[in-house]
Amino acid sequence: MPHQFFVGGNFKMKLISLEQKKIIITAVCENNSHVCVEVVIAPPSLYLLPLKEIVKNGIRVSAQNCYCKTSGAYTGEISPAQLADAGIPYVIIGHSERRTLFHETSELVAQKTKAALNGSLSVILCVGETLLEREAGQTTQVVESQLQAVVTVLKEMLTNCGHAVIAYEPVWAIGTGKVATTAQAQEVHAYIRQYLSTAVSRAVSENTRISYGGSVGLNFRSAE
C-alpha cells in the first residue's frame, strides 16, 4: 500500500507575530490541493490554538516539543495529554536543536516519544548526524544509536507505525546553506528501513513514513 506523502514545516521561534504566521498559513492552505500529501505545520506553542482554527484543506498543526510526563511541577513544559486535550494531533520530538542546545539525550527523546504515543499523539521523530560525524563516516552509527534508544523503549508499541514519521535531518543541512543531495538522503532512508526491519519487523519497516528534514534546493526530491 503506497504511503501518503508527508510534508512538515517547522516555524521554530521565527516570525514574531501571529499576523505574520497567519499570512503564511493562509497561503499554504490556499495552495494545498494534493489529497495524497499530508501537510503539517509546527508554530511556537502559544500560536497552536489560534492557527488550528484557521488551517483548512486537511492541513494539521504540530507542537514543536512536549515533555515525558502527563502532569506535574515541570515549569515551562507541555504534556502530551494537554496537547491532545487541545486538539493538537502532532508533536515533533528529538529535533537536533533540542538535542544540541538543550542537551536532550536519545534516552529522554525515547521517553518523550513513548509518552506522546501513549497520549494519542502522532510523532515526528527526528534523527540525524552532525557535519563532523558525517565526515568521519559515522552517519549510520549515529542514526542507529538514536533509533535504538526509541526501539528499546517502544518496541512493543511500534506495530502502530501509522502514528510516527521519522524525519532524517542531517544537522549540517539545517539553516547552514548546505543541502543534502537526494542520493545522500535516500541512502540514509534505506538504512533506516533496513534497521527497522531487523530491530522491529518488516511490516514496521515497510509502513513507517520517512521524510527528509533540512535545507532543500529547487531540484531536491525525497519522498518516502
Side-chain angles (χ1 to χ4, degrees), residues 3 5-14 40-42 44 62 64-66 68 90-114 116 123-155 158 161 164-200 202 204-224:
H3 300 146
F5 293 143
F6 179 90
V7 176
N10 180 11
F11 284 33
K12 305 191 179 187
M13 203 175 71
K14 298 180 179 179
V40 175
I41 55 100
S62 170
Q64 295 181 11
N65 183 41
C66 72
C68 58
Y90 266 98
V91 62
I92 298 172
I93 296 180
H95 192 279
S96 62
E97 290 156 4
R98 300 296 311 179
R99 293 177 187 265
T100 57
L101 298 178
F102 300 97
H103 310 292
E104 292 190 0
T105 64
S106 293
E107 290 69 30
L108 177 57
V109 169
Q111 293 298 329
K112 287 185 171 188
T113 302
K114 181 178 182 179
V123 171
I124 304 167
L125 173 64
C126 302
V127 297
E129 82 285 4
T130 66
L131 181 59
L132 287 176
E133 289 165 340
R134 170 162 282 275
E135 291 178 340
Q138 298 173 342
T139 295
T140 55
Q141 296 96 310
V142 170
V143 169
E144 179 175 325
S145 175
Q146 292 168 342
L147 290 172
Q148 180 61 55
V150 176
V151 168
T152 299
V153 170
L154 291 181
K155 191 167 185 178
L158 290 176
C161 51
V165 175
I166 296 177
Y168 166 59
E169 48 159 36
V171 181
W172 50 272
I174 300 175
T176 63
K178 295 180 181 292
V179 179
T181 65
T182 302
Q184 286 173 322
Q186 293 287 15
E187 180 183 17
V188 180
H189 286 189
Y191 183 81
I192 290 172
R193 290 207 186 281
Q194 176 188 331
Y195 171 77
L196 290 176
S197 181
T198 301
V200 187
R202 180 177 176 181
V204 167
S205 172
E206 292 177 348
N207 293 318
T208 299
R209 290 183 294 175
I210 304 172
S211 70
Y212 166 81
S215 302
V216 297
L218 291 176
N219 296 318
F220 185 93
R221 294 185 64 191
S222 177
E224 286 272 326

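Side chains are part of it too, since the values below use all heavy atoms of this structure and drop only hydrogens, waters and symmetry mates.
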Can you confirm whether [X] sits close enough to [Y] that some side-chain heavy atom of one is under 4.5 Å from a side-chain heavy atom of the other?
X: Val127; Y: Ile192; value: yes
X: Val200; Y: Ser205; value: no
X: Tyr212; Y: Gln186; value: no
X: Tyr168; Y: Thr139; value: yes
X: Gln141; Y: Glu133; value: no
X: Val171; Y: Leu131; value: no
X: Asn65; Y: Lys112; value: yes
X: Leu125; Y: Val109; value: yes

State, to 0.1 Å, how close [X] and [Y] come at their nearest heavy-atom pair, and which atoms those are.
X: Ile92; Y: Cys126; result: CG2-SG, 3.7 Å
X: Ala180; Y: Pro170; result: CB-CG, 4.2 Å
X: Ile41; Y: Phe11; result: CB-CE1, 4.3 Å
X: Ala110; Y: Ala149; result: CB-O, 3.3 Å

[atom2] on [Y] to [atom1] on [X], rounded to 0.5 Å:
X: Leu154; Y: Leu147; atom1: CG; atom2: CG; result: 11.0 Å
X: Leu196; Y: Glu206; atom1: CG; atom2: CD; result: 11.0 Å
X: Glu104; Y: Cys68; atom1: CD; atom2: SG; result: 9.0 Å
X: Met13; Y: Gln64; atom1: CE; atom2: CD; result: 10.0 Å
X: Glu169; Y: Ser211; atom1: CD; atom2: OG; result: 9.0 Å
X: Glu97; Y: Thr100; atom1: CD; atom2: OG1; result: 6.5 Å

With side-chain contact (heavy atoms from CB on, under 4.5 Å) as the criterion, how do Val143 and Tyr195 come out once you've worked through the C-alpha distance, each side chain's angles and the decisive distance to 0.1 Å? CA-CA 10 Å; Val143 169; Tyr195 171 77; over 6 Å; no
Which residue pairs satisfy the salt bridge (Lys or Arg N to Asp or Glu O under 4.0 Å) criterion with at least one member in residues 134-144, sequence neighbours excluded?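 Listed by first then second residue: Glu129-Arg134.
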Side-chain H-bond candidate by donor/acceptor type, Gln148 with Thr152, under 3.5 Å: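 Yes, because at least one side-chain N or O of Gln148 sits under 3.5 Å from a partner of the opposite role on Thr152.
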Report the C-alpha distance between Ile210 and Arg193 in whole Å, list the side-chain angles of each, state the deciding distance to 0.1 Å, and finish with yes or no for side-chain contact (heavy atoms from CB on, under 4.5 Å). CA-CA 9 Å; Ile210 304 172; Arg193 290 207 186 281; 3.6 Å; yes
Take atom CD in Glu187; do more than 12 heavy atoms of anything else shown fall under 6.0 Å from it? no
Sidechain-backbone polar pair: Gln146 side chain, Gly128 backbone, donor-acceptor under 3.5 Å: yes
Applying salt bridge (charged side-chain N to carboxylate O under 4.0 Å, His left out), name anything that partners Arg99, two or more places apart in sequence or on another chain.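 Listed in chain order: nothing, the list is empty.
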